[in-house]
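Since the structure comes first, as structure tokens, the remarks are kept for the end.
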Amino acid sequence: MQENTRRTIRWGIMGTGWIAEKFAADLTHVSNGEGMAVGSRTLNSANQFAAKFNIPRAYGSYEELVSDPEIDAIYVATPHPFHRDNVITALRGGKAVLCEKPFTVNSRELEEIIAFAKEKRLFLMEAMWTRFLPPIVQVRQWLEEGRIGEVKLLKAEFGFRSDWNPSGRLLNPELGGGALLDAGIYPVSFASMIFGPNPEQVWSTAHIGETGVDEHFSILLDYGQGRSASLHGAVRLALTNEAYIYGTEGSIHIPSFLNAAKAVLHVNGQEPVEVKDDRTAVGYAFEAEEVGRCLLAGETESSAITLAESLGIMQLLDQLRAQWGLKYPFE
């Protein structure tokens with residue numbers, strides 16, 4: 001991939017839902033990017049979105065969006081059962097892609113789009129925004145410096161009490177519903193960030209609700225050498241959404257770790273050290289900045305969350321669903 005000679009990345013947004021709105025609003029805080037266009041399945045929806053977020057161009061189809069020659073990167077903000085097709089469409093149009101998590105529904109789909117991106121020599125990244133938040137960047141630095149000694153244990157969870165809506169996205173198996181792909185991707189990816197995506201042993205249990213999807217789950221991952229992760233997720237239970245990292249010389253606490261606004265370092269025998277993020281953006285600006293940095297440097301993936309790691313995470317999600325006997329109708 002050649003280095004981008006323009007210093008500002010022009011973004012196209014695919015989809016007009018809630019997450020697309022958050023991303024579009026955050027683009028105003030991105031130093032190396034700007035919102036150029038939005039594409040939807042209907043022109044009316046695209047026009048309304050463009051007007052709301054002051055985006056110059058609106059398209060009534062995804063094909064028109066990716067055909068715009070002035071767009072550098074596409075943010076795929078559609079529901080995850082459509083990610084595979086939408087990413088292929090964007091890559092076929094010659095665009096760099098930032099795809100909302102979970103990357104795809106299963107590893108077979110992800111292998112396909114990674115292979116296509118590499119064939120086209122185009123940038124591709126999973127939009128795991130948590131990785132790029134300043135407190136999490138600081139946490140990774142603390143871990144690299146060995147501030148809490150050898151990391152041995154992680155506890156992380158993300159869950160919320162959603163309304164009972166069997167036909168809605170969260171509980172509908174036809175839409176890839178369930179806690180694992182929607183909420184569980186956060187703690188699973190967080191564990192991968194700390195220990196890597198390939199645990200030696202995997203134990204798990206899930207409550208499969210009446211619609212046929214997992215409503216909550218518990219996971220225990222063994223990485224060998226006394227290292228383990230205890231993870232939980234839910235879409236019908238409100239959890240604390242905290243993460244605790246324990247090492248031989250201390251611990252790190254991250255309240256609401258998925259959208260972390262602060263992190264606290266506890267080194268044995270020392271006063272706690274707290275880092276706070278007073279950002280004015282929601283936090284999606286940081287992942288957009290990273291995509292811009294990579295594109296301007298001519299890179300085809302980010303070292304903060306590589307394609308190999310995203311694939312390892314998706315393979316683990318497949319393994320967990322297999323333990324539960326959970327397969328989606330379209331698989």
Side-chain angles (χ1 to χ4, degrees), residues 6 8-105 125-129 132 160 162-163 165-172 174-177 181-183 235 258-259 279-289 291-292 295:
R6 189 166 57 223
T8 299
I9 301 305
R10 295 179 176 178
W11 284 91
I13 299 173
M14 186 180 288
T16 54
W18 178 85
I19 198 79
E21 290 197 348
K22 297 297 183 185
F23 186 83
D26 259 25
L27 277 178
T28 61
H29 299 275
V30 175
S31 64
N32 60 9
E34 62 180 341
M36 173 58 65
V38 59
S40 180
R41 288 171 295 180
T42 67
L43 184 57
N44 182 54
S45 176
N47 281 332
Q48 290 181 353
F49 189 97
K52 183 174 182 179
F53 295 101
N54 198 29
I55 293 174
R57 302 172 188 176
Y59 296 106
S61 73
Y62 299 150
E63 289 73 17
E64 288 178 278
L65 174 69
V66 304
S67 297
D68 187 328
E70 294 192 44
I71 292 175
D72 301 304
I74 297 289
Y75 170 63
V76 175
T78 56
H80 48 267
F82 309 112
H83 285 178
R84 180 259 175 205
D85 290 348
N86 296 157
V87 170
I88 291 290
T89 295
L91 293 171
R92 193 173 286 132
K95 309 304 183 188
V97 177
L98 173 66
C99 180
E100 193 46 58
K101 44 80 193 110
F103 222 146
T104 52
V105 171
M125 187 179 96
E126 181 179 11
M128 181 47 68
W129 67 306
F132 306 98
F160 50 90
S162 65
D163 294 333
N165 181 7
S167 62
R169 180 179 62 83
L170 291 175
L171 299 177
N172 188 343
E174 295 284 353
L175 297 177
L181 294 192
D182 193 272
V235 291
L258 67 154
N259 58 358
R279 61 183 183 259
T280 52
V282 175
Y284 298 100
F286 301 109
E287 63 181 2
E289 290 261 4
V291 175
L295 292 181

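Quick note: numbers below take in every heavy atom, side chains included, and nothing from hydrogens, waters or symmetry partners. Note that this is a predicted model, so its numbers are computed, not measured.
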[X] vs [Y] side-chain heavy atoms within contact, under 4.5 Å:
| X | Y | result |
| --- | --- | --- |
| Met14 | Val66 | yes |
| Asp182 | Arg169 | yes |
| His29 | Thr280 | yes |
| Phe286 | Arg279 | yes |
| Ile13 | Phe53 | no |
| Val291 | Trp11 | yes |
| Tyr59 | Leu43 | no |

In Å and rounded to the nearest 0.5 Å, what is the [atom1] to [atom2] distance from [X] to [Y]?
| X | Y | atom1 | atom2 | value |
| --- | --- | --- | --- | --- |
| Ile55 | Phe49 | CD1 | CZ | 5.0 Å |
| Lys95 | Ser67 | NZ | OG | 7.5 Å |
| Leu171 | Asn165 | CG | CG | 7.0 Å |
| Asp72 | Arg10 | CG | CZ | 7.5 Å |
| Ile74 | Leu98 | CD1 | CG | 10.5 Å |
| Asn54 | Thr28 | CG | OG1 | 10.0 Å |

Return the minimal non-hydrogen interatomic distance between [X] and [Y], and the atom names on each side.
| X | Y | value |
| --- | --- | --- |
| Gly39 | Tyr62 | O-CE2, 3.5 Å |
| Leu170 | Ser162 | CD1-CB, 3.7 Å |
| Pro56 | Gly35 | CD-O, 3.4 Å |
| Gly12 | Ile71 | N-CG2, 3.7 Å |
| Val97 | Ala90 | CG2-CB, 3.6 Å |
| Ala96 | Leu295 | CB-CD2, 3.7 Å |

Intermediate values then yes/no, side chain to side chain donor-acceptor pair (under 3.5 Å), Ser45 and Asn47: CA-CA 5 Å; Ser45 176; Asn47 281 332; over 6 Å; no
Val87 and its side-chain contact (heavy atoms from CB on, under 4.5 Å) partner, picked from Val76, Thr78, Thr104: Val76
Residue from Ile9, Asp26, Val30 passing side-chain contact (heavy atoms from CB on, under 4.5 Å) with Glu289: Val30
Ring pair (Phe, Tyr, Trp, His ring centres under 6.0 Å) partner of Tyr284, the single match among Phe132, Trp129, Tyr75: Trp129
Aromatic plane relationship, His80 with His83 - under 30° parallel, 30 to 60° tilted, over 60° perpendicular: perpendicular
